[in-house]
There are 4 protein chains.
Amino acid sequence: MQREHHKRKPGRPKASRSSQTMTQILRTASFLFMEHGYEKVSLVTVAQSCGLTKASVYYYFNNKAVLFTECLLLVLKIAHDQTASIMSGSGSLQHRLLTVAQRFMSNAHIEFESMMREASTELTEEQVGSIRTAEQALHILLKDIFQRAIDEGEIAECDPMLLSHVFTAMLTVRNRKEVINEQKSVDQAAEEVIQLLWRGLAPRQ
Amino acid sequence: MQREHHKRKPGRPKASRSSQTMTQILRTASFLFMEHGYEKVSLVTVAQSCGLTKASVYYYFNNKAVLFTECLLLVLKIAHDQTASIMSGSGSLQHRLLTVAQRFMSNAHIEFESMMREASTELTEEQVGSIRTAEQALHILLKDIFQRAIDEGEIAECDPMLLSHVFTAMLTVRNRKEVINEQKSVDQAAEEVIQLLWRGLAPRQ
Amino acid sequence: MQREHHKRKPGRPKASRSSQTMTQILRTASFLFMEHGYEKVSLVTVAQSCGLTKASVYYYFNNKAVLFTECLLLVLKIAHDQTASIMSGSGSLQHRLLTVAQRFMSNAHIEFESMMREASTELTEEQVGSIRTAEQALHILLKDIFQRAIDEGEIAECDPMLLSHVFTAMLTVRNRKEVINEQKSVDQAAEEVIQLLWRGLAPRQ
Amino acid sequence: MQREHHKRKPGRPKASRSSQTMTQILRTASFLFMEHGYEKVSLVTVAQSCGLTKASVYYYFNNKAVLFTECLLLVLKIAHDQTASIMSGSGSLQHRLLTVAQRFMSNAHIEFESMMREASTELTEEQVGSIRTAEQALHILLKDIFQRAIDEGEIAECDPMLLSHVFTAMLTVRNRKEVINEQKSVDQAAEEVIQLLWRGLAPRQ
DNA sequence: AATGAATGAGTGTTCATTCAT
DNA sequence: AATGAATGAACACTCATTCAT
């Protein structure tokens, strides 16, 4: 009889906190992984940073590799979306690249490739694959943009995929203390990097 | 190389050890650290790769942090000397940079900054400092070369130190599978990277 | 079956639970425990095998020890009843023993004593006691049957309780791969075991 | 020059204690495994029972599965050798079997098959195989003895391998409290079991 | 000069158990 | 009646480090 009133599912309803806790773990862990890499971040660190117990982290993520994978997918997705959003905006290509550079360089992170090398022995092939795919999506996005710019004569001819990698590699100067310091802000450094990339070293005659 | 650093006391291996075995450990460990990073390389791995026991490694190096420090100092010194040698040679600046790039890119290694971040929690400030100093020597070398080139109008005006960092950062594309593969050799990639750096993106009119 | 054990209070599931779900848990868990032993069967396995959650299992059984106890009591009662039913049937004693043997040997199960030893550190003395009682009921049943057979001269004189244990112990050969295989079926093995027990090794003159 | 005196190997000599510690671990662990099974025996228990640390156990045995395997191989070898020695002695077959039975029944142990089922998920196929081989060696030993006895008309015709398994299965009654107690010693029980096996149930006419 | 032995601290992972809903 | 969330205790395993020889 009660059942006819409102077919409420039995059991404790999934508290909205549930998803909140999970995303909090994801966010915290993402930050830690990007900051310190795979090995250095222990699950107890993640847990404590969230005010939880190790076992609670395991309640949401089956193991460290899974957590790591989801974190990277999240970070890469955000990076991809942000980049896409910025690049689809108005302004000159140079200016939009600068905006992307500033965005990327504003949050420190371990160089991607190093992190993957560190983690790859612990991840399944599938996990590595999914991360690689998400990473490539970002590079393909940039490559396509560069390709179009080349076609339209906006930039000089070159391998657009290589350019995409070089571009992101250049942004890692952000991590060097001699580059970013009291005298040179991140934004300023980004500007100079982009200018370097744009003009090249060749002297103007 | 050791005699050059007078202030270091901890971090310096016990004197009067058979330099034969010691340099072998150094070389082997250097290779392993550059290949896999700090954490991934256990002292037993180093020992076995030398045909020794863990305890023997401890006989020459007081602890892992000391060994790591000595390794990086060695690697950085070699890199510095090689670069200096190449850059002091003849040929155009662009060509000499290409040679340096090819040399660097030919042996895979974990991105330097990532490795330092990984290791830095285990190293003493002094150890970090000595590595940073050696690293900076390399960048100062490049900076000076770039500065002179700017002064002589060989390359466009820019922050030479930043340029030095950007230059080395660009070389890390070597680690990306999409860049180095069957279709593009390391030397070819190096060439394209240098060309990109030289010409920049701006379209020629 | 529960009503028969008045003295047990801990170890007895909360009253007035939907016997539907409860018996399903009991049946499923019994099977799993007999198949894999105490430790190997986690409550989450039991729950999932029933399409429930761990917490639901706890709703019916206060803890793992209680569930295990109830399972064994159930299994032992079934074994007892089946044996009683078979032995009270017609046919020669040897033939009825064969039927029992075939019944027992047809479903694989961990040797009883091993399972008890595994579980006993987690069970209360009371729980161990109740299981032992149920187990003994089975042996007493057999003992009485053997005693009567001895009295009636149907079998040779011997300690009937020991015989009961030897009889059940012999049936555990069922678990050995060298005994039960493609060439020898369970029923055939049972037959040979019973024949061995019946005739003994002594050569006939 | 020193080298010419006595080519002593460098390093600390393998203390005779070394092997002593190792065999002590083996003995202790064997006892514990036979007493409680695979899962129940944690390596910290083993270590403490030897007055060592967990890590020390790992110094001698790479992991729990390896330790377990070596323990079982040891136990099975001892059992095999003891049995062979006893069976090759003089006296009637019945009497020698009794001696074997008494020997086996005097030390309690978990039923072998149960232990293997418990452990097999953690062992490599190779490890399982080597244990199975050692186990089979014992059964083959018995089988051959039984076969010869059959050939010589010393015992009645039957499947000698099945007999071997039945024989060892019968000895597990040792674990039952109703069999071994204040009123019936192990030796006495062994005697009755052997008598049962020898004479069988069939009434003598 | 080199090594066998031993250890402490830490890591990932599992699981029975509790509690509010 | 049933469940989502959270936890503590245990376990297997690794590794840098020490010390007597």
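Labels below follow one simple rule: chain letters A, B, ... track the order of the sequence lines, proteins then strands, and each chain is numbered from 1. All heavy atoms count here, side chains included; hydrogens, waters and symmetry mates do not.
Distance F61(C) CZ to dA1(F) P: 14 Å, rounded to the nearest Å. Rounded to an integer number of Å, the gap from CD of Q24(C) to P of dA2(F) is 10 Å. Taking atom CD on E122(B) and atom C1' on dG10(E), their separation rounds to 11 Å, with Å as the unit. Taking atom CG on L52(A) and atom C1' on dG8(F), their separation rounds to 14 Å, with Å as the unit. Across the protein-nucleic acid pair, Q48(D) atom CD and dT7(E) atom P stand 11 Å apart, rounded to whole Å.
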*Which letter, B, S or -, goes with each nucleotide of nucleotides 12-18 of chain E from 5' to 3', with contact meaning a protein heavy atom under 4.0 Å?*
BBBBBBB

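Checking side-chain atoms of K54(C) against main-chain N and O of S42(C) turns up no donor-acceptor pair under 3.5 Å. In this structure a side-chain-to-backbone donor-acceptor pair under 3.5 Å is missing from T45(D) to V41(D).
Considering only side-chain N and O atoms, Y60(A) lies nowhere under 4.0 angstrom from the phosphate OP1 or OP2 of dG4(F). Taking only side-chain nitrogens and oxygens, T21(D) comes nearer than 4.0 Å to OP1 or OP2 of dA6(E). The side chain of Y59(C) contributes an N or O atom lying less than 4.0 Å from OP1 or OP2 of dA1(F).
Qualifying salt bridge (Lys or Arg N to Asp or Glu O under 4.0 Å) partners for E113(D), counting only residues two or more places apart in sequence or in other chains: R132(D). For the side chain to side chain donor-acceptor pair (under 3.5 Å) test, no residue two or more places apart in sequence or in another chain qualifies with S49(A). Evaluation of the side chain to side chain donor-acceptor pair (under 3.5 Å) rule for S56(D) yields no partner, not counting sequence neighbours.
The minimum heavy-atom distance between F33(C) and M115(C), with the atom names listed, is O-SD, 3.4 Å. Minimum interatomic distance between E118(C) and G37(C) (heavy atoms only, all atoms of both residues): OE1-CA, 3.8 Å. Nearest heavy-atom pair across N63(D) and V66(D) is OD1-N, 2.9 Å.
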_Intra- and inter-strand pairs of DNA chain E in dot-bracket (Watson-Crick or G-U wobble, both distances under 3.5 Å; | for another strand)_ = .||||||||||||||||||||

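For residues 26-39 of chain B, the pairs satisfying side-chain hydrogen bond (donor to acceptor under 3.5 Å, both in side chains) are K40(A)-E39(B), with sequence neighbours left out.
Note on S56(B): a base of the nucleic acid sits closer than 4.0 angstrom, heavy atoms only.
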